[in-house]
Amino acid sequence: MEKLQINVKKNQKIRDFLLNYGFSSAQTNKIIKNRDVKLNGVRLGEDDEVAAGQSVVVFCSELPKPKFETVYQDENVLVVNKGDNIEVQGAGGLEELTKTIAVHRLDRNTTGLVILAKTQEAEIALKNAFKNHTIQKKYVCEVYGRPNFSGEEKTAYLVKDKTRSEVKIFSNFVQGAVKISARFKTVKVGEQTSLVEVDLLTGRTHQIRAHLAYMGFPIIGDGKYGKNQINKKFKQKYQKLHCFLLKIIKINAKFEYLTQKTFIAKPEWAKKYV
């Protein structure tokens, strides 16, 4: 049994505190069930809260996995490999944990590479590079089905429904739509699922997840655009979507030393296809 002493950074419920620290949902449920969180020697239950400045002790059978790992850093930028169940921005997110500025986002449960700025100058330069499409982003995902993508560019139109926090995809332009574009390549085909690489050409909310589902190949574990029966079949709660490559093709002169730098971090679950 492991014993962790953790300083609380903000007021929150026990469940949120454990999840934000990095425990998985299964670990969190077990810790709460066994009342394995102590404050001043008193065991806490699910309805209890902890407050900023307090120090609690957590007993667990397995240490939480790190929420992110550092891939590269210097005085201007930080590149990390983000785990699932963590936001890039907001309380408990990468920005807060690393004291940096996010210049692009990944969904909470999309894993992979994120570039963060350490200075305002770096933030402006990186944001302009993303805006000008001079930073390449490649993703890998596991989808249900056997697509025959050969690296061709696929376009469609995306409409964001803010009231439902989701998007819809259309083959032709409709009112309020924005054009989306990406290149899809089938890397490996299995019995029921396939590994697909995605070279993202436009970066819209939920673009990859929604577009693949629209084409008939939902990402395994995607609770919003996938199919519940498929996710249950493969016992996946989070989408198998990972940003595995970031390449800085061009950036302003002050940060020219970053030009042509390529960062790669492939997910463990993709190795079964190798």
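Note that the coordinates shown come from a computational prediction; the quantities given were computed from them, not determined experimentally. Basis for what follows: all heavy atoms, side chains included, without hydrogens, waters or symmetry-related copies.
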Step by step, would you call V178 with T202 a side-chain contact (heavy atoms from CB on, under 4.5 Å)? CA-CA 10 Å; V178 292; T202 57; over 6 Å; no
Report, as yes or no, whether the 6.0 Å neighbourhood of atom [atom1] on [X] holds more than 12 heavy atoms from other residues, nucleotides or ligands.
| X | atom1 | result |
| --- | --- | --- |
| K10 | NZ | yes |
| Q120 | CD | no |
| D161 | CG | yes |
| E256 | CD | no |
| K185 | NZ | no |

[Y] and [X], any side-chain heavy atoms less than 4.5 Å apart:
| X | Y | value |
| --- | --- | --- |
| W269 | I220 | no |
| Y238 | S25 | yes |
| I219 | I208 | yes |
| I248 | F255 | no |
| V196 | F217 | no |
| V79 | L113 | yes |
| Y21 | L4 | yes |
| L245 | E197 | no |

Say whether [X] and [Y] are linked into one hydrophobic cluster, either directly or through other cluster members, by side-chain heavy-atom distances under 4.5 angstrom.
| X | Y | result |
| --- | --- | --- |
| V71 | L78 | no |
| V159 | I169 | no |
| L246 | F244 | no |
| I135 | I251 | yes |
| I6 | V37 | yes |

Please determine whether a side-chain nitrogen of the Lys or Arg among D48 and K13 lies less than 4.0 Å from a carboxylate oxygen of the Asp or Glu. no
Salt-bridge criterion met for E46 and R15 (N-O under 4.0 Å): yes
Can you name the closest pair of heavy atoms from [X] and [Y] and give their distance?
| X | Y | result |
| --- | --- | --- |
| K82 | N109 | NZ-N, 4.5 Å |
| A117 | T100 | O-CB, 3.3 Å |
| H211 | A156 | NE2-CB, 3.7 Å |
| V198 | A182 | CG1-CB, 3.9 Å |
| H104 | I115 | NE2-N, 2.9 Å |
| R209 | K224 | NH2-CB, 3.6 Å |

Parallel, tilted or perpendicular: which one describes the rings of F173 and Y157, with boundaries at 30° and 60°? perpendicular
Under 30°, 30 to 60°, or over 60°: which ring-plane class applies to F184 and F149, parallel, tilted or perpendicular? tilted
Might you work through the side-chain contact (heavy atoms from CB on, under 4.5 Å) test for V50 and Q12, ending with a clear yes or no? CA-CA 6 Å; V50 290; Q12 55 196 311; 4.1 Å; yes
How long is the span from the [atom1] atom in [X] to the [atom2] atom in [Y], to the nearest 0.5 Å?
| X | Y | atom1 | atom2 | value |
| --- | --- | --- | --- | --- |
| D36 | L18 | CG | CG | 10.0 Å |
| L200 | H133 | CG | NE2 | 9.5 Å |
| F234 | T193 | CZ | OG1 | 5.5 Å |
| L212 | Y139 | CG | OH | 12.5 Å |
| E142 | Q192 | CD | CD | 10.0 Å |
| L19 | I86 | CG | CD1 | 12.0 Å |

Classify the side-chain pair [X]/[Y] by whether it contains a donor and acceptor separated by less than 3.5 Å.
| X | Y | result |
| --- | --- | --- |
| E121 | T119 | no |
| N81 | E69 | yes |
| Q73 | K118 | yes |

Is a side-chain N or O of [X] found less than 3.5 angstrom from the main chain of [Y], in a donor-acceptor match?
| X | Y | value |
| --- | --- | --- |
| E95 | A102 | yes |
| S194 | G145 | yes |
| T134 | A129 | yes |

Show your reasoning for whether salt bridge (charged side-chain N to carboxylate O under 4.0 Å, His left out) applies to D199 and K137. CA-CA 6 Å; D199 187 355; K137 291 191 290 183; over 6 Å; no
Reference residue I180; test side chain to side chain contact (heavy atoms under 4.5 Å, CB included); the match among T155, L201, L158: L158
Check step by step if side-chain contact (heavy atoms from CB on, under 4.5 Å) holds for Q260 and I249. CA-CA 5 Å; Q260 298 304 311; I249 299 169; 4.1 Å; yes
Can you list the steps and then say if L106 with T111 is a side-chain contact (heavy atoms from CB on, under 4.5 Å)? CA-CA 7 Å; L106 290 181; T111 58; over 6 Å; no
Provide the full list of side chain to side chain donor-acceptor pair (under 3.5 Å) pairs with a residue in residues 168-183, sequence neighbours left out, each pair given once. E153-S181
For H242, what residues pass the ring-ring contact (aromatic ring centres under 6.0 Å, His included) criterion, not counting sequence neighbours? none
